[in-house]
Amino acid sequence: LVLVPNALLSALNVSFNVKAVVPDEKLDAFMQQVTIVNGLAFPLGIAIFAWVGWALRRVLRARVKGEPTEPEARSKARERGLRLGGTMAGVILPLWIIGGLVFPAWQHMQDGTADHQAWFNFSVSNAMFGLLAATLSFFLIHAVVARVFLPRLIVPGDVDEENAARMLRLRRRLAWYFAGCTVVPFASVVLLAVGPNSMVDMGGAFMTLGLMGALAFGLAMAASAQIRGDLEALGRALAAPRDRFRAPI
């Protein structure tokens with residue numbers, strides 16, 4: 001779920017930069033840079049994801065196998081699950097932004113040909129594609145965590161007010177991530193209107209980016225509604241008995 005949107009958007013971003021920024025004579029060098037940067041960024045992201053999710057996976061496997069689990073272990077696994085999407089979004093977006101700065105810096109160090117438009121195009125396109133990748137990853141992760149993983153980590157009788165409160169905070173944060181998907185199509189239109197001439201000339205590429213943002217908007221809307229409902233139900237299940245029938249905030 002994390003690799004698919006990042007790999008797809010990475011391929012689209014490379015295509016965008018090849019058309020908008022990279023001259024034909026620099027194409028081979030640029031593709032070598034892409035291979036090296038992605039060869040470092042993707043394994044790093046995967047390693048962080050595996051490290052963050054390992055405790056969650058271990059307890060989930062025990063529950064699936066019917067093995068006994070301690071309430072404290074289930075609570076920690078639930079906490080990891082509730083943090084997983086935000087943690088990965090917080091890793092993915094900086095990696096994309098750093099990549100957008102590496103490419104023009106590398107080009108400038110090689111031959112000093114990276115002008116201000118190249119810096120602008122690389123950094124803005126990577127930031128926008130990265131914002132889509134981070135928000136999509138967040139919603140896809142939490143859609144599965146809330147619907148599939150967390151119910152397996154709740155045993156009848158569990159009371160975990162701390163994680164019930166985390167679920168409430170996560171429901172409130174959904175709007176911020178949803179805004180991330182909304183920004184991209186609007187930003188594409190703005191950049192077409194006020195950006196440098198090279199960006200205005202790439203109207204087709206920006207229309208593609210806007211379309212991707214619109215599709216991500218629809219996916220995020222559907223996932224957000226599902227996640228909200230699931231978290232509300234799970235929060236009631238984990239709340240203290242006196243709070244289980246209060247109206248949701």
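Ala73 approaches Val59 most closely through the heavy-atom pair O-CG2, 3.9 Å. Nearest heavy atom pair, residue Phe139 against residue Ser224, reads CE2-CB, 3.8 Å. Heavy atoms only, all atoms of each residue included: Val145 and Pro151 are closest at O-CD, 4.2 Å. Scanning both residues, Ala77 and Ala55, for their nearest heavy atoms gives CB-O, 4.4 Å. Between Leu1 and Pro5, the shortest heavy-atom contact is O-CD, 2.9 Å. Shown here for Ala62 and Thr69, the closest heavy-atom pair between the two residues is CB-CG2, 3.7 Å.
We find the CG-CZ distance between Leu9 and Phe129 to be 6.5 Å, quoted to the nearest 0.5 Å. The structure places CZ of Arg236 at 12.5 Å from CG of Leu231, a figure rounded to the nearest 0.5 Å. Considering CZ of Phe149 and CZ of Arg63, their distance stands at 14.0 Å, rounded to 0.5 Å. A distance of 11.5 Å separates CG in Leu234 from CG in Asp160, rounded to the nearest 0.5 Å. Summarising the geometry, atom OG belonging to Ser123 is positioned 11.5 Å from atom CE belonging to Met128; distances are rounded to the nearest 0.5 Å.
There is no path of hydrophobic side-chain contacts, each under 4.5 Å, that joins Val4 to Leu131. Ile227 and Phe178 fall within the same hydrophobic cluster, where Ile, Leu, Val, Met, Phe, Trp and Tyr residues are linked whenever their side-chain heavy atoms come under 4.5 Å apart, directly or through other members. No single ILVMFWY cluster, assembled from side-chain heavy atoms under 4.5 Å apart, contains both Phe42 and Trp51.
Screening residues 116-133 for salt bridge (Lys or Arg N to Asp or Glu O under 4.0 Å), with sequence neighbours left out, gives no hits.
Taking 4.0 Å as the cut-off between side-chain N and carboxylate O, Lys76 and Glu72 count as a salt-bridged pair. Ion pairing between a basic and an acidic side chain is recognised when a charged N comes within 4.0 Å of a carboxylate O; Arg78 and Asp158 show such pairing. Between Glu162 and Arg166, at least one side-chain nitrogen of the basic residue sits less than 4.0 Å from a carboxylate oxygen of the acidic one, meeting the salt-bridge criterion.
Side-chain contact between Ile46 and Leu3 is present, with heavy atoms from C-beta onward closer than 4.5 Å. Two residues are said to be in side-chain contact when any heavy atoms from C-beta on lie closer than 4.5 Å; Leu238 and Val159 fail this criterion. Using a 4.5 Å heavy-atom threshold, the side chains of Val148 and Val144 count as touching. With contacts defined as side-chain heavy-atom distances shorter than 4.5 Å, the pair Met167/Glu232 does not qualify. Looking at heavy atoms from C-beta onward, Leu219 lies in side-chain contact with Leu140 at the 4.5 angstrom threshold. Looking at heavy atoms from C-beta onward, Thr35 lies out of side-chain contact with Phe30 at the 4.5 angstrom threshold.
Asp28 and Gln32 form no side-chain donor-acceptor contact under 3.5 Å, judged by distance and modelled atom types alone.
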Hey, mind stepping through Phe49 and Ile141 against side chain to side chain contact (heavy atoms under 4.5 Å, CB included) and telling me if it holds?
CA-CA 11 Å; Phe49 182 82; Ile141 288 171; 4.1 Å; yes
Apply side chain to side chain contact (heavy atoms under 4.5 Å, CB included) to Leu56 and Leu153, showing your working.
CA-CA 9 Å; Leu56 173 64; Leu153 296 171; 3.5 Å; yes
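Although no hydrogens or angles enter the test, the distance criterion places no donor-acceptor pair under 3.5 Å between the side chain of Ser75 and the main chain of Pro71.
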Review item, side-chain donor-acceptor pairs of residues 80-104, under 3.5 Å, at least two apart:
from, atom 1, to, atom 2, distance (Å)
Arg80, NH1, Val52, O, 2.7
Arg83, NE, Glu79, OE2, 3.1
Arg83, NH2, Glu79, OE2, 3.2
Thr87, OG1, Arg83, O, 2.8
Trp96, NE1, Asn6, OD1, 3.1

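No more than 12 heavy-atom neighbours from other residues, nucleotides or ligands sit within 6.0 angstrom of CZ on Arg152.
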